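Model, not experiment: these values are computed from the prediction. Naming convention: chains lettered A, B, ... in sequence-line order (proteins, then strands); numbering from 1 in each chain.
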Protein chains: 2
Amino acid sequence: MLRNAPTLADVARLAGVSEITVSRVVRNKGPIAAGTRARVHEAIVKLGYVPNRAAGALASAASPLIGVLLPSLSNIVFPEVLRGIHTALAPTGYQPLIGVTDYDPLKEQHLLSSLLAWQPAAIITTGFEHTDASRQMLSNSRIRVAELMDIDAEPIDIAVGLSQRGAGFDTARHLISRNYRRFGYVGHDWNADHRARLRYEGLRGALAEAGLELKAEERFDGPSSTMAGRETLAALLSQKPDLDVVVFSNDDMAVGGFFHCLGAGIRVGQDLGLFGFNGLDIGQALPLPLSTIRSNRFAIGRIAVEKLMESSRRPEEKLVVDTGYQIIAGATA
Amino acid sequence: MLRNAPTLADVARLAGVSEITVSRVVRNKGPIAAGTRARVHEAIVKLGYVPNRAAGALASAASPLIGVLLPSLSNIVFPEVLRGIHTALAPTGYQPLIGVTDYDPLKEQHLLSSLLAWQPAAIITTGFEHTDASRQMLSNSRIRVAELMDIDAEPIDIAVGLSQRGAGFDTARHLISRNYRRFGYVGHDWNADHRARLRYEGLRGALAEAGLELKAEERFDGPSSTMAGRETLAALLSQKPDLDVVVFSNDDMAVGGFFHCLGAGIRVGQDLGLFGFNGLDIGQALPLPLSTIRSNRFAIGRIAVEKLMESSRRPEEKLVVDTGYQIIAGATA
DNA sequence: ATAAATTATGTCAGCGCTGTCATAAATCGA
DNA sequence: TCGATTTATGACAGCGCTGACATAATTTAT
């Protein structure tokens with residue numbers, strides 16, 4: 001932006017009104033006579049005026065920015081949440097200011113303070129794992145805060161997501177009802193991905209209730225990926241070949257598992273059941289649609305924004321929105 | 001952010017120095033005595049001072065923001081570019097302000113003007129297709145501009161990417177050298193995705209040079225996806241079964257094609273060759289690794305930021321960085 | 001017709017910071 | 001030793017906008 005870009009004052013002069021009137025026209029605020037509005041708009045177009053957001057943010061101690069903290073951009077899950085956020089934000093004039101935490105609460109804390117420096121209207125972050133300092137900043141700021149993906153704990157303000165533990169639990173219930181008994185588990189690094197751990201715990205809980213247990217489990221030491229799923233299933237089966245179903249930490253891993261079976265001549269759905277989590281498109285495009293759980297990621301982002309926008313002040317009551325999950329029966333388990 | 005958050009003045013008072021000195025300490029600018037610096041830092045920590053970015057941006061007519069315009073977040077390609085941008089940005093203190101254009105130049109134009117209102121240090125956008133007004137805004141602004149993904153036209157300032165046309169061309173050359181002759185093409189909507197069209201044109205160009213042609217082609221009317229690839233290949237083959245290789249507009253589509261073959265009992269690599277574009281992980285995790293072209297998306301984002309950061313003023317010379325592409329021979333063609 | 005309410009517009013200070021220019025203190029060179 | 005540099009700090013205005021508080025013009029009610 002140039003120093004000599006037209007300002008409110010320039011527009012006001014050209015339209016023959018005061019600056020504040022132009023400001024009101026631009027922000028659609030307060031009563032403006034139709035004729036005045038027209039003249040101002042004309043002047044705006046003529047000069048190519050674009051409001052300086054920094055000045056506006058400073059003067060009003062508020063900005064049309066929404067801080068968004070995402071743990072990762074490496075698989076499609078969080079971009080989809082972001083897409084939901086974006087879709088809901090687009091008609092409002094708010095813009096997302098993004099930070100990527102790499103699943104690191106300390107990084108989240110640093111990013112949070114630089115986001116807060118912009119005086120955003122709201123902050124959207126992921127999960128409930130924050131440093132004390134982050135929590136402090138968020139509650140001090142008094143702006144609206146949404147914590148996404150999980151609803152298994154008490155939010156700072158709004159939580160939007162699904163019960164990760166419940167999803168794990170219902171995975172086991174579903175598979176037990178389909179007469180699977182010899183369960184294996186293939187996961188990835190859950191120091192990073194806390195929600196994968198919650199699903200795992202839910203899974204084990206339901207198995208225990210049914211008097212069952214995991215016959216074998218293997219965790220890939222790194223982030224989830226198709227390749228990791230493929231290799232980790234191979235490792236699991238070489239150690240324990242007589243499983244009748246394997247639950248994966250997510251669809252990326254499960255699709256990899258499917259590919260392993262394809263290569264190894266294992267008939268998926270007959271010799272071995274496979275179950276994922278997320279309901280990604282890729283899983284449903286497989287020759288056998290993947291049995292999995294739909295996690296409604298787009299909706300989580302969209303609904304979070306909608307709820308945040310309902311009021312600029314944080315209400316007394318904390319809000320928890322359960323976006324639910326649906327078991328996709330599929331054909332692999 | 002609260003109206004009563006500590007300001008520079010509060011820090012200055014506590015440290016017993018002037019505001020400008022605190023400002024200099026915070027920004028690491030100008031000479032500061034070690035003792036002064038220490039006292040200021042102490043005061044900053046004690047008060048939990050966080051600089052108000054809006055004020056800084058207003059006063060200096062510049063902000064530590066980088067405007068990023070992406071066409072889509074629906075598949076993994078642009079999130080990966082964004083990840084590259086993010087990775088390079090993280091140590092610099094700059095933050096990305098994101099807009100999603102849905103491949104619509106007019107939407108891009110609107111987003112551009114709201115990004116520019118923040119007086120960003122630079123703008124990163126995609127491709128060369130902009131409205132005249134966008135082009136105008138970008139050149140008037142004098143800030144650094146990077147146009148990503150394609151290098152087949154003259155950039156406004158910096159272009160970082162690969163020759164899409166060249167990638168299409170070399171796809172054909174490669175397949176011809178492997179004795180494929182009966183080419184089919186499966187694409188998606190290229191009104192949106194202009195680069196897919198460039199690759200297609202490159203492909204046809206190389207075929208023509210070799211005295212060959214596309215025996216059949218089919219374009220899915222919508223964005224690329226695994227399912228679209230699967231269905232569109234089915235349609236193509238039902239119309240023209242005797243192809244020996246099918247080139248897809250990208251890996252998502254090609255993976256879908258692979259799944260179709262799996263279901264239809266077509267032996268990939270023997271009965272029919274498949275070739276993609278992008279070099280996504282998923283393609284390489286297939287039982288037969290997908291034959292495709294690696295497009296170095298992460299590097300495109302990272303290098304764009306690095307080049308943008310080299311100077312805050314736009315140099316006389318336009319810069320084109322070719323991040324290249326590599327043919328991944330794979331096993332499907 | 002006149003007070004009361006409503007609508008339309010303006011004045012002014014100040015948001016929190018940084019650029020510019022000035023000044024003071026320390027260091028240097030011959 | 002004394003001007004010339006270099007280093008360290010400060011005073012001050014002003015970036016472009018908006019909130020609070022008038023005030024003027026118009027409509028409505030009585």
Side-chain angles (χ1 to χ4, degrees), chain A residues 1-40 43-44 47-65 93 114 116-121 312, chain B residues 1-40 43-44 47-65 93 113-114 116-119 121 312:
Chain A
M1 188 59 66
L2 294 170
R3 259 271 128 96
N4 52 19
T7 69
L8 265 194
D10 299 320
V11 177
R13 206 170 309 122
L14 183 58
V17 297
S18 70
E19 295 186 31
I20 192 70
T21 301
V22 178
S23 173
R24 285 178 184 133
V25 170
V26 170
R27 290 179 298 153
N28 242 321
K29 217 183 167 192
I32 300 285
T36 310
R37 167 170 287 123
R39 264 181 304 133
V40 169
I44 286 174
L47 294 175
Y49 169 73
V50 174
N52 180 325
R53 298 286 178 189
L58 178 59
S60 64
S63 78
L65 248 27
S114 45
L116 253 15
W118 287 105
Q119 321 204 144
S312 61
Chain B
M1 187 61 64
L2 295 170
R3 258 271 134 92
N4 53 17
T7 71
L8 266 195
D10 299 320
V11 177
R13 205 170 309 122
L14 182 58
V17 296
S18 69
E19 295 186 31
I20 191 71
T21 300
V22 178
S23 171
R24 284 176 184 133
V25 170
V26 170
R27 289 179 296 153
N28 241 320
K29 217 183 167 192
I32 298 286
T36 310
R37 168 170 289 121
R39 263 181 304 133
V40 170
I44 287 174
L47 294 176
Y49 169 72
V50 174
N52 180 324
R53 298 286 178 191
L58 178 59
S60 65
S63 79
L65 248 26
S113 81
S114 44
L116 253 14
W118 287 105
Q119 321 206 139
S312 62

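At a threshold of 4.5 Å between non-hydrogen side-chain atoms, the residues A:L8 and A:Y49 count as touching. Side-chain contact between B:I32 and B:T21 is present, with at least one heavy-atom pair separated by less than 4.5 Å.
The stretch residues 12-21 of chain A participates, sequence neighbours left out, in these salt bridge (Lys or Arg N to Asp or Glu O under 4.0 Å) pairs: A:D10-A:R13. Legend: side-chain hydrogen bond (donor to acceptor under 3.5 Å, both in side chains) pairs involving residues 28-37 of chain B, not counting sequence neighbours: none detected.
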- Note on the structure: With sugar-phosphate taken as primed atoms, P, OP1 and OP2 and all else as base, the protein-contact string of nucleotides 22-29 of chain D at under 4.0 Å (heavy atoms; B, S, -) is --------
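For A:S23, no side-chain nitrogen or oxygen approaches OP1 or OP2 of D:dC17 to under 4.0 Å. Side-chain nitrogen and oxygen atoms of B:R53 include none within less than 4.0 Å of the OP1 or OP2 phosphate oxygen of C:dC17. In this structure, B:S60 does not reach the D:dC15 phosphate: none of its side-chain N or O atoms is under 4.0 Å from OP1 or OP2. Taking 4.0 angstrom as the limit, A:R37 places none of its side-chain polar atoms (N or O) nearer than this to OP1 or OP2 of C:dT9.
Annotation: salt bridge (Lys or Arg N to Asp or Glu O under 4.0 Å) contacts of A:R27 (sequence neighbours excluded): none. Applying the side chain to side chain contact (heavy atoms under 4.5 Å, CB included) test to B:A15 and every residue at least two apart in sequence or in another chain returns B:V17, B:V40, B:A43. Under the rule for a side chain to side chain contact (heavy atoms under 4.5 Å, CB included), A:S312 has no partner lying at least two apart in sequence or in another chain. Not a single side-chain hydrogen bond (donor to acceptor under 3.5 Å, both in side chains) links B:S63 to another residue, sequence neighbours left out.
The side chain of A:A59 lies closest to C:dG14, out of C:dT18, C:dG14, C:dA8. Side-chain proximity of A:N52 to the nucleotides D:dC17, C:dG19, C:dC17 is greatest for D:dC17. Among the nucleotides C:dA8, D:dC17, D:dT18, the one closest to the side chain of A:A33 is C:dA8.
Remark: C1' of D:dG10 and CD1 of B:I32 are 11 Å apart, rounded to the nearest angstrom. The distance from atom CG of B:L58 to atom P of C:dG16 is 12 Å, rounded to the nearest whole Å. The nearest whole Å value for the distance from the CG atom in B:L8 to the P atom in C:dC15 is 13 Å.
Nearest heavy-atom pair across B:R39 and B:G16 is NH1-O, 4.3 Å. Closest heavy-atom contact between A:W118 and B:P64: CZ2-CD, 3.8 Å.
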Atom pairs, N/O to N/O, protein against nucleotides 25-29 of chain C, distance under 3.5 Å?
none

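Only B:E19, B:I20, listed by number, bring a heavy atom of residues 13-22 of chain B to less than 4.0 angstrom from any atom of DNA chain C.
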- Task: Assess whether side chain to side chain contact (heavy atoms under 4.5 Å, CB included) is satisfied between B:V26 and B:I44, documenting all intermediate values.
- Result: CA-CA 9 Å; B:V26 170; B:I44 287 174; 3.8 Å; yes
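Comparing A:A54 and A:K29 by the nucleotide of DNA chain D that holds the closest heavy atom to each, the one mapping nearer the 5' end is A:A54.
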